[in-house]
Amino acid sequence: MNAGTAPLRVLVAHNRYQVRGGEDAAVARDCAALERAGCAVEAVFLDNEAIDSGVARLRAAVAATHAPEGIARVMTAARRFAPDVVHVHNFFPLLSPGIHAAAKAVGYATVQTLHNYRLVCANAFLMRDRAPCELCVTGSPYQAVRFACYRGSRIGSLAVARMIDHHRRAGTWRRDVDRFVALTPFARGRFVAAGIPGDKIRIRPNGLPDPGPPVGGPRQGLLFVGRLSLEKGVLVLAEAAARAALRVTVIGEGPLAGALAGHPSLDLKGALPPDAVQAAMARAAALVVPSLWYEGLPMVVAEAFATGTPVVASRIGALADLVDAGTTGLLAEPGDAADLAGALARIAGDPASASAMGRQARAVYEREWREDVTTRALLDIYRDAVAARAADIPLAGTGA
């Protein structure tokens, strides 16, 4: 905390996912970093563990427009803790965007991190049929019903589309949120196109503690770390690895694990603890991120850069901004196994270039993603939100 600046009190609200992922980890890192920076932090986590059936998922989706129980839980904690800022991360389905109006009514500044596209898209990915889809960015969110975008269910899609439409029409995002946090310039552009006020959006990537200088010595092998699901491009990766006659180590779990089991070009390790993942990245010649959707900000890219590991990624969405082709890694057309195979072969066959790209990747991490850098940026956003909220509150007795 800067000298002469009072420590902030921050209440963090986050709906955890049933399968813990990068978003959950990012929230935990932010809470720890804020405490290290001198803030008082109170976290309220809602868990999806009870949503364990199709019926339960449908009930949760239907209630997601308002979610009064989740809002009441957060506001009870807020009244006790008296925060300067209420920072909302994932609000779906147990919290709802309505938390912002509730916090505003009491006078708290509010911040919403845009980890995914749930404000706009029923499935949160802006993806349909293995390709980007932006029908709901400027059009009606009820188009999701036609394509059963939410978990393949038209009824579930109707419930989520209703939530999106209600808060769009009610002006929740314009009226009740003081500041939004977009993870990349690309994401900011999509949200501005969807009607989120651009003057309220700040770009701030998720931070990552410094693992220390990259280890020396030769590197070997290609690595994938992430959820084994369609949008992550793992089926394309399997085909590309076979085409290039290369073997890829795969760390993660997900619905496609069974389909990938026994593939001759993939070495499936399952889920591993963070220290083992970091060690694998530090040894790899390159990390592969073959995503088919508009990723928010995949932390595996930051983790790879922190360990001095270049990245081979899809030329799509934010990934095309995060990876500077020829400088910090290589890019391939999304869904194009032949193009990806060529990129994998190039980086695996030229260790000197891969090493140089890794050094550049580490420099980018130190400049943009190191924890102290991103924490300062987040504190600036909080102070901006507090000032905006104070300016928006009419002074007693003025008649304003």
Side-chain angles (χ1 to χ4, degrees), residues 1-17 20 22-47 67 69-92 94-115 176-183 200-210 274 297 299 302 369-393 395:
M1 198 72 66
N2 296 332
T5 302
L8 290 170
R9 299 179 64 81
V10 182
L11 188 140
V12 173
H14 176 57
N15 193 153
R16 287 171 170 155
Y17 294 86
R20 299 291 187 259
E23 196 171 316
D24 298 299
V27 173
R29 281 194 297 266
D30 269 357
C31 289
L34 288 168
E35 289 179 336
R36 285 192 286 271
C39 295
V41 179
E42 175 90 0
V44 180
F45 294 120
L46 293 88
D47 285 283
E69 292 182 8
I71 291 175
R73 181 176 165 188
V74 172
M75 292 308 298
T76 296
R79 292 187 177 92
R80 172 179 50 78
F81 181 65
D84 298 299
V85 179
V86 175
H87 185 170
V88 180
H89 289 270
N90 179 40
F91 55 75
F92 182 81
L94 301 178
L95 185 52
S96 98
I99 182 59
H100 290 286
K104 178 186 177 181
V106 183
Y108 306 134
T110 68
V111 172
Q112 173 71 59
T113 291
L114 304 167
H115 290 282
D176 297 332
V177 183
D178 294 299
R179 291 295 179 265
F180 295 89
V181 180
L183 304 182
K200 288 189 174 186
I201 304 176
R202 302 293 181 266
I203 298 171
R204 178 259 179 187
N206 296 323
L208 189 69
D210 193 344
L297 193 162
M299 286 309 292
W369 285 330
R370 202 173 61 197
E371 183 184 273
D372 60 327
V373 175
T374 58
T375 301
R376 283 196 299 270
L378 184 57
L379 291 173
D380 287 343
I381 293 170
Y382 286 164
R383 295 188 186 102
D384 197 19
V386 169
R389 172 59 63 221
D392 192 46
I393 298 176
L395 297 178

Can you measure from CG (Leu379) to CZ (Arg383) and round to the nearest 0.5 angstrom? 5.0 Å
Looking only at heavy atoms, the pair that brings Ala43 and Cys31 closest together is CB-SG, 4.3 Å
Apply the side-chain hydrogen bond (donor to acceptor under 3.5 Å, both in side chains) test between His115 and each candidate in Glu23, His89, His14; give the one that qualifies. His89
Is the closest side-chain heavy-atom distance between Gln112 and Val181 below 4.5 Å? no
Pair Tyr382 + His87: ring centers closer than 6.0 Å: yes
Least distance between heavy atoms, Asn15 atom then Leu95 atom: OD1-N, 4.1 Å
State, yes or no, whether a side-chain contact exists between Val10 and Pro83 at a heavy-atom distance under 4.5 Å. no
How close do Leu183 and Asn206 get, heavy atom to heavy atom, and via which atoms? CD2-OD1, 3.7 Å
Taking every non-hydrogen atom, the tightest pair across Glu371 and Ala33: CD-CB, 3.6 Å
Within the structure provided, determine whether Asp24 and Asn90 are in side-chain contact (heavy-atom separation under 4.5 Å). no
Test: Asp384 and Arg179 ion pair at under 4.0 Å: yes
Arg389 NZ/CZ over Tyr108 ring centroid, <6.0 Å and within 45° of normal: no
Taking it one step at a time, do Arg376 and Asp372 satisfy salt bridge (Lys or Arg N to Asp or Glu O under 4.0 Å)? CA-CA 6 Å; Arg376 283 196 299 270; Asp372 60 327; 3.7 Å; yes
Residue pair Gly98 / Ile71: nearest heavy atoms and the distance that separates them: C-CD1, 3.6 Å
For Phe45 and Val27, run side chain to side chain contact (heavy atoms under 4.5 Å, CB included): C-alpha distance rounded to whole Å, both residues' side-chain angles, the deciding distance at 0.1 Å, then the answer. CA-CA 10 Å; Phe45 294 120; Val27 173; 3.9 Å; yes
Any idea which heavy atoms bring Gly207 and Arg29 closest together, and the distance? O-NE, 3.3 Å
When you look at Glu42 and Arg9, which way does the salt bridge (Lys or Arg N to Asp or Glu O under 4.0 Å) test go after all the steps? CA-CA 8 Å; Glu42 175 90 0; Arg9 299 179 64 81; over 6 Å; no
Hey, could you give me the CZ/CG distance between Arg204 and Leu378, rounded to the nearest 0.5 Å? 4.5 Å
Check this for me: does any side-chain nitrogen of one of Asp47 and Arg16 sit under 4.0 Å from a carboxylate oxygen of the other? yes
Sidechain-backbone polar pair: Asp178 side chain, Val111 backbone, donor-acceptor under 3.5 Å: no
Measure the CG-CD distance between Leu46 and Glu69 for me, rounded to the nearest 0.5 Å. 10.0 Å
Testing Val86, Val74, Val12, Ile99 for side-chain contact (heavy atoms from CB on, under 4.5 Å) with Val44, which one passes? Val74
For the atom pair CG (Leu114) and CZ (Arg202), what is the distance rounded to the nearest 0.5 Å? 12.5 Å
Would you say that Leu208 contacts Arg370 through its side chain, given a criterion of any heavy-atom pair below 4.5 Å between the two side chains? no
Roughly how far, to the nearest 0.5 Å, is the CD1 atom of Ile381 from the OG1 atom of Thr374? 10.0 Å
Does Lys104 reach the main-chain N or O of Thr110 with its side chain, forming a donor-acceptor pair under 3.5 Å? no
